[in-house]
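These notes are about the structure you will find just below.
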Amino acid sequence: MTLSIYLNFDGTCAEAFAFYADVFGTDPVIVMKFSDGPSEFQPDADEMDKIMHMSLPIGDSVLMGSDVVKGWGEPPTPANCFSISYAARTRQDAEEKFTALSDGGSVKMPMGEMFWGSYFGMVTDRYGTSWMIAYDTPAGAD
């Protein structure tokens with residue numbers, strides 16, 4: 001079984017995913033604009049270049065997203081009811097991802113050693129997405 005995160009944007013999906021691709025050093029595997037879809041799935045002419053679906057592999061997971069167009073739901077707003085949790089492979093990887101995601105965003109909890117044995121921090125990126133970055137220190141390591 002797999003669980004993936006699907007993000008909705010108000011016209012900034014392509015920009016956000018370009019940022020995430022840069023942060024995580026990966027490339028989208030699917031980029032579909034509304035103009036690529038059949039006529040029954042096409043919005044108003046001024047929204048044809050918005051993203052219908054985008055898929056970005058990050059490690060063993062996939063981050064997906066789309067823009068919300070008129071008539072297809074409520075305009076998205078940054079939510080405070082979820083965070084994307086990234087388990088870094090190294091402490092340096094955790095630092096690099098946290099620093100990159102912080103650029104233009106806001107730090108909620110700086111990276112630091114936690115009582116549960118993890119190097120951990122929380123940040124909201126420039127697109128309003130909340131992230132938890134963690135590196136679990138191996139037992140017996142300093």
*asked:* Assess whether a salt bridge exists between Lys70 and Asp46, defined as any Lys/Arg side-chain N lying under 4.0 Å from an Asp/Glu carboxylate O.
replied: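 Yes, Lys70 and Asp46 are salt-bridged.
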*Between Glu15 and Arg126, is the closest basic N to carboxylate O distance under 4.0 Å?*
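Between Glu15 and Arg126 there is no salt bridge, as every charged N stays at least 4.0 Å from the carboxylate O atoms.
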Quick one: does [X]'s side chain get under 4.5 Å of [Y]'s, heavy atoms only?
X	Y	result
Lys33	Ile51	yes
Lys50	Pro43	no
Asn8	Asp67	no
Phe24	Pro57	no
Leu56	Thr26	yes
Asp10	Val68	no
Ser35	Glu47	no
Leu7	Met64	no

*Met32, CE: over 12 other non-hydrogen atoms inside 6.0 angstrom*: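 Not buried by this count: 12 neighbours or fewer within 6.0 Å.
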*Could you tell me whether Gln92 atom CD has more than 12 heavy atoms of other residues or ligands within 6.0 Å of it?*
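Count not over threshold, so no.
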Measuring from atom [atom1] of [X] to atom [atom2] of [Y], what distance do you get when rounded to the nearest 0.5 angstrom?
X	Y	atom1	atom2	result
Met132	Ser118	CE	OG	10.5 Å
Met48	Asp36	CE	CG	8.5 Å
Met122	Ser106	CE	OG	10.5 Å

*How are the rings of Phe9 and Tyr127 set relative to one another: parallel (under 30°), tilted (30 to 60°) or perpendicular (over 60°)?*
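Because their plane-to-plane angle is over 60°, the rings of Phe9 and Tyr127 count as perpendicular.
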Where is the tightest heavy-atom contact between [X] and [Y], given as atom of each residue plus distance?
X	Y	value
Phe17	Gly65	CZ-N, 3.5 Å
Ala100	Val23	CB-CG2, 3.6 Å
Tyr86	Lys97	CE2-CG, 3.6 Å
Phe120	Met114	CB-CG, 3.6 Å
Ala14	Met54	CA-CE, 4.3 Å
Met111	Gly121	SD-N, 3.3 Å

*Under the side chain to side chain contact (heavy atoms under 4.5 Å, CB included) criterion, do Trp131 and Ser85 qualify, and how do the steps go?*
CA-CA 6 Å; Trp131 294 83; Ser85 180; over 6 Å; no
*For Ser4, which of Val62, Ile58, Leu63 qualifies under side chain to side chain contact (heavy atoms under 4.5 Å, CB included)?*
Val62
*Output yes when a side-chain donor or acceptor of Asp125 lies under 3.5 Å from a complementary backbone atom of Gly128, and no otherwise.*
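Pair found, side chain donor or acceptor close to backbone of Gly128.
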*hydrophobic_cluster_shared for Phe82 and Leu101, side chain cutoff 4.5 Å*: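 They do share one cluster, since a chain of ILVMFWY contacts under 4.5 Å joins Leu101 to Phe82.
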*Can Lys108 and Ser83 be said to form a side chain to side chain contact (heavy atoms under 4.5 Å, CB included), step by step?*
CA-CA 12 Å; Lys108 295 191 289 187; Ser83 294; 4.3 Å; yes
*asked:* Evaluate Val107 against Phe98 for side chain to side chain contact (heavy atoms under 4.5 Å, CB included), listing each step before the verdict.
replied: CA-CA 9 Å; Val107 173; Phe98 188 86; 3.7 Å; yes
_Is it the case that the side chains of Thr129 and Tyr20 hold a donor-acceptor pair, with the cut-off being a distance below 3.5 Å and no angle test?_
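Judged by distance alone, the side chains do pair up.
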*With ring centroids as reference points, do His53 and Phe34 lie under 6.0 angstrom apart?*
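For His53 and Phe34, the ring centres are not under 6.0 Å apart.
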